[in-house]
Amino acid sequence: MNNNLERELQKVQNDLRSKIKLNNTFSSEEVVLVAGVDLAYWTEDNTDYAVCCIQVLDYQTKQVIDKAEYTGIVEFPYISGYLAFRELPFVLKAVERLESIPDVYMFDGNGYLHSRHMGIATQASFELGKPTVGVAKTYLKINNVDFTMPENKVGAFEDIVIEDEVYGRVLRSRLDVKPIFISCGNWIDLDTATNLTMHFVEQDSRLPVTTRFADLATHEVKRRYQNK
DNA sequence: GCGACAG
DNA sequence: ATCTTGTCGC
């Protein structure tokens with residue numbers, strides 16, 4: 001990619017690093033509304049489109065109490081390490097359409113588990129002003145450090161430590177299924193992020209239902225658009 | 001040329 | 001992310 005662009009994007013991310021707080025800025029009793037965020041992409045008439053879907057679940061009942069979506073033209077390419085610049089504009093537009101105010105957002109991707117601690121979950125927190133969590137399906141290698149595979153037991157995990165700093169966690173959310181990668185977005189600690197994730201993991205997916213429902217919603221929107 | 005590469 | 005059938009296993 002363009003070197004000047006990369007320097008510019010790195011500067012944006014580096015300037016935000018000092019604002020990250022990896023401790024809870026809330027008490028667990030305050031967490032009532034949890035949002036799952038995801039996007040889907042497609043091409044129509046040589047134009048790239050994306051839809052962001054957000055599903056807001058009640059922590060206790062796990063019922064969807066609010067949802068919103070935003071569809072638009074994709075303006076930014078996918079560049080590994082800079083996912084937020086591509087997806088965040090869609091997320092913010094969708095959030096505007098929510099009636100509720102989620103207490104925490106869960107993203108499909110990383111947060112602190114990023115070479116500059118600036119995965120989409122962390123970068124999003126500064127726009128949203130709310131705690132965020134990153135839940136990724138695959139590992140984005142940092143400084144050539146691999147992760148250790150956790151044992152095959154539900155809830156088993158291994159922290160991903162690079163130069164004595166914990167970046168994130170590989171979590172076995174379900175038995176006999178590939179693990180997922182949990183990291184703090186902002187204003188939340190890793191244990192709480194892990195517990196929150198496990199709380200929403202059910203039998204049909206290794207991903208928390210927050211993210212899972214958002215994923216299903218994006219696919220429905222995509223089909224709706226492609227069938228017309 | 002080859003391997004890496006969140007989504 | 002997306003393109004895509006069958007197939008192995010519970």
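Scope of the values below: all heavy atoms of this structure, side chains included, with no hydrogens, waters or symmetry mates.
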- Query: Going through the checks in order, is the salt bridge (Lys or Arg N to Asp or Glu O under 4.0 Å) test met by A/R116 and A/D15?
  - Reply: CA-CA 10 Å; A/R116 289 173 297 281; A/D15 288 350; over 6 Å; no

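- Distances shorter than 4.0 Å separate some side-chain N or O of A/Y78 from OP1 or OP2 on B/dA6.
- Note on A/D108: only backbone sugar-phosphate atoms sit closer than 4.0 angstrom, heavy atoms only; bases stay farther off.
- In this entry the distance linking CD of A/E44 with C1' of C/dT2 reads 16 Å, nearest Å.
- Base engagement by A/G81 is indicated by at least one non-hydrogen atom pair under 4.0 Å involving a base atom.
- Atoms CG (A/D38) and C1' (C/dT2) sit 13 Å apart, rounded to a whole Å.
- Per the geometry, CG belonging to A/L113 stands 11 Å off P belonging to B/dG7, to the nearest Å.
- Classified by interplanar angle (parallel below 30°, tilted 30° to 60°, perpendicular above 60°), the ring pair A/Y225/A/W42 is tilted.
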- List the steps, then state whether side chain to side chain contact (heavy atoms under 4.5 Å, CB included) holds for A/V34 with A/M106. CA-CA 7 Å; A/V34 184; A/M106 300 180 77; 3.7 Å; yes

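- Contact annotation: A/K137 reaches the phosphate of B/dG7 (side-chain N/O to OP1 or OP2, under 4.0 Å).
- Taking the C1' atoms as reference points, C/dT2 lies 15 Å from B/dC5, given to the whole Å.
- Within 4.0 Å of A/I79, counting heavy atoms only, lies no atom of the nucleic acid at all.
- Atom CZ of A/R223 has 12 or fewer neighbouring heavy atoms from other residues, nucleotides or ligands inside a 6.0 Å radius.
- Each of B/dC5, B/dG7, C/dT2 was ranked by its minimum atom distance to the side chain of A/L140; first place goes to B/dC5.
- A/F126 and A/W187 have perpendicular rings, their planes meeting at more than 60° on a 0 to 90° scale where under 30° would count as parallel.
- A sub-4.0 Å separation between OP1 or OP2 of C/dT2 and a side-chain N or O of A/K222 is present.
- Side-chain nitrogen and oxygen atoms of A/T138 include at least one within less than 4.0 Å of the OP1 or OP2 phosphate oxygen of B/dG7.
- Nucleic acid contact for A/Y82: base, since at least one base atom lies under 4.0 Å from a heavy atom of the residue.
- In this structure, A/A40 reaches the sugar-phosphate backbone alone: every heavy-atom distance under 4.0 Å involves primed, P, OP1 or OP2 atoms, never a base.
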